[in-house]
Protein chains: 2
Amino acid sequence: MYIHIFVTMRIEDEIKQEKFSSEYTKLLINLVYTGNRISFKTNEILKEKNLTLQQYNVLRILRGQHPDPATVNMIIDRMLDKMSNASRIVDKLEIKKLAQRTMNKEDKRCADVLITSKGLALLNELDEKVKVSEKSVIHLTIKEVKTLNDLLDKLRG
Amino acid sequence: MYIHIFVTMRIEDEIKQEKFSSEYTKLLINLVYTGNRISFKTNEILKEKNLTLQQYNVLRILRGQHPDPATVNMIIDRMLDKMSNASRIVDKLEIKKLAQRTMNKEDKRCADVLITSKGLALLNELDEKVKVSEKSVIHLTIKEVKTLNDLLDKLRG
DNA sequence: ACATAATATATGTATATACATATATTTGTA
DNA sequence: TACAAATATATGTATATACATATATTATGT
């Protein structure tokens, strides 16, 4: 017989830190820690398909544009981690035939990046799995999720 | 004359995504994006001192134990990113003379890790700067920060 | 038109990271 | 006691990342 007890575990206990110098410091740590926790679960699903989280996100950006192409600059603009190297992520997607680069006719500096049908199919396959996993790892009511989203939006000012 | 207008910017607008498939998906992206945003600011401060965010966090874990030593295992347990390589982060801290390893007398497998006085001084120097920076980048009242912390704690279940 | 600045992307390089595996030591057990 | 399992840490290796710089193209000012 298994008994599951879900209790709210404070971040202090979770990472065994006595106390934080301020609620603000605690928030940063809480954000990063919680983000990592959820990402980790998603990552496990992506690993089966040989995708990194970054590649997955870029692929979703490309799908958002489809059937129009995106440019590398557009991808950088929409990526979660602005510092990372969009060009080389597109390289990886191209190698896997999930995306394709073509030269932009109007501006030869730009590379048009298009998701392939293989890319679309892969995302399609992943969508439901990822959604279910995310939902199962987030122990909140839909109302709380909305509050959280609003607070995070406000946080960034 | 400068006029600052702070408006709440939804994550949809921020990363220019039309809509999310669910509030849960939005939350994951919102968390990672917001965490990155705050980390980025902190990182800028740390860069001046030639520290990575990870090294900084480990250093703070060591200070939390001081004057007792920590072990590498203890560090892994308390790190935000469980996947990363605590042993090699300690390597880096040792090279910079910010921490020191000695062999544990009771259990020769364990490495006792102690923050040095140089390490303590560096943290001391950074504390205030980091706190001010974090506070300035988090556009929330203290009450909202607390709500956010509580929600994140609950999220993890 | 021409030089210069700005823009979009790619690439070189050092470092960091994830993951698998190796090594050393301790614990449990027959 | 001897031997397998567990534990703590370190290390090899492939890949990812950050940052600086290079290259190609387009926009701008005179």
Side-chain angles (χ1 to χ4, degrees), chain A residues 32 35-37 39-59 61-62 69-96 99-114, chain B residues 32 36 39-59 61-62 69-96 99-114:
Chain A
V32 174
N36 280 343
R37 172 83 83 85
S39 305
F40 184 77
K41 278 289 267 184
T42 306
N43 215 20
E44 301 227 296
I45 295 170
L46 300 180
K47 239 187 306 186
E48 292 168 31
K49 302 292 179 184
N50 231 327
L51 271 187
T52 66
L53 206 58
Q54 296 250 40
Q55 289 167 9
Y56 177 61
N57 287 329
V58 170
L59 217 45
I61 290 168
L62 294 179
T71 64
V72 173
N73 223 23
M74 192 186 285
I75 295 168
I76 291 171
D77 203 41
R78 299 179 187 194
M79 278 177 72
L80 301 184
D81 182 355
K82 302 289 186 196
M83 285 301 97
S84 63
N85 201 324
S87 178
R88 269 192 271 235
I89 293 175
V90 173
D91 286 351
K92 295 291 148 60
L93 294 176
E94 244 189 331
I95 290 169
K96 295 176 195 170
Q100 198 170 21
R101 253 188 278 233
T102 51
M103 195 215 272
N104 184 304
K105 296 284 194 290
E106 268 106 68
D107 187 338
K108 285 174 189 162
R109 292 170 302 180
C110 299
D112 282 345
V113 188
L114 255 175
Chain B
V32 174
N36 280 344
S39 305
F40 184 76
K41 279 289 266 184
T42 306
N43 214 21
E44 301 227 296
I45 296 170
L46 299 180
K47 240 187 306 190
E48 292 169 30
K49 302 293 178 183
N50 230 326
L51 269 187
T52 66
L53 206 60
Q54 295 251 39
Q55 289 166 9
Y56 177 61
N57 286 328
V58 170
L59 217 44
I61 290 167
L62 294 178
T71 63
V72 173
N73 223 23
M74 194 185 284
I75 295 169
I76 292 171
D77 204 40
R78 298 180 189 194
M79 279 177 70
L80 301 184
D81 183 355
K82 302 291 188 196
M83 285 301 97
S84 63
N85 200 325
S87 177
R88 270 194 268 236
I89 293 175
V90 173
D91 286 351
K92 297 289 148 61
L93 294 177
E94 244 188 330
I95 289 168
K96 296 177 196 169
Q100 198 170 22
R101 252 189 277 233
T102 52
M103 194 217 272
N104 184 304
K105 295 287 195 288
E106 268 106 69
D107 187 338
K108 285 175 189 162
R109 290 171 305 180
C110 299
D112 282 344
V113 188
L114 255 172

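All values below come from the heavy atoms of this structure, side chains included, with hydrogens, waters and symmetry mates left out. Below, chains carry the letters A, B, ... as their sequence lines are ordered, and counting in each starts from 1.
OP1 or OP2 of dT11(D) has not a single side-chain nitrogen or oxygen of Asn85(B) nearer than 4.0 Å. At least one side-chain nitrogen or oxygen of Gln54(A) sits closer than 4.0 Å to the OP1 or OP2 atom of dT17(D). Note on Arg101(A): a side-chain N or O is less than 4.0 Å away from OP1 or OP2 of dA10(C). The phosphate of dC19(C) has OP1 or OP2 within less than 4.0 Å of a side-chain N or O from Lys47(A).
Contact record, Gln55(A) with Lys96(A): OE1-NZ, 2.6 Å, taken as the closest heavy-atom pair. Between Leu53(B) and Thr42(B), the closest heavy-atom pair is CD1-CG2, 3.9 Å.
Computed from coordinates, the Arg88(A) CZ to dT13(C) P distance equals 11 Å when rounded to whole Å. Protein atom CG of Asn50(A) is 12 Å distant from nucleotide atom P of dC19(C), rounded to whole Å. The CD1 atom of Ile75(A) sits 16 Å away from the C1' atom of dT7(C) (whole-angstrom rounding). The interatomic distance linking Ile76(B) (CD1) with dA18(C) (C1') rounds to 13 Å, in whole Å. Between the CD atom of Glu44(B) and the P atom of dA18(D) there is a distance of 13 Å, rounded to whole Å. For the pair Ile89(A) CD1 and dA18(D) P, the computed distance is 9 Å after rounding to whole Å. We find that CG of Asp91(A) is positioned 8 Å from C1' of dA10(C), with the value rounded to whole Å. Following rounding to the nearest Å, Gln55(A) (CD) and dA18(C) (P) show an atom-to-atom distance of 15 Å.
Comparing Lys92(A) and Asn43(B) by the nucleotide of DNA chain D whose heavy atom lies nearest to each, the residue mapping closer to the 5' end is Lys92(A). Comparing Thr52(B) and Asn73(A) by the nucleotide of DNA chain C whose heavy atom lies nearest to each, the residue mapping closer to the 5' end is Asn73(A).
Residue Val113(A) forms a side-chain contact (heavy atoms from CB on, under 4.5 Å) with just one option from Leu62(A), Thr102(A), Val58(A), and that option is Leu62(A).
Residues meeting the side-chain contact (heavy atoms from CB on, under 4.5 Å) test with Lys108(B), sequence neighbours left out: Met103(B). For Glu44(B), there are no salt bridge (charged side-chain N to carboxylate O under 4.0 Å, His left out) partners two or more places apart in sequence or in a different chain.
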Listing time: all N or O pairs from protein to nucleotides 26-28 of chain C that are below 3.5 Å?
residue: dT26(C); atom: OP1; partner: Lys108(B); partner atom: N; Å: 3.2

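The side chain of Cys110(B) lies closest to dT9(D), out of dA16(C), dT13(D), dT9(D).
There is no side-chain donor-acceptor pair under 3.5 Å between Lys92(A) and Gln54(A).
Note: Glu94(A) CD to Ile89(A) CD1 = 13.5 Å, rounded to the nearest 0.5 Å.
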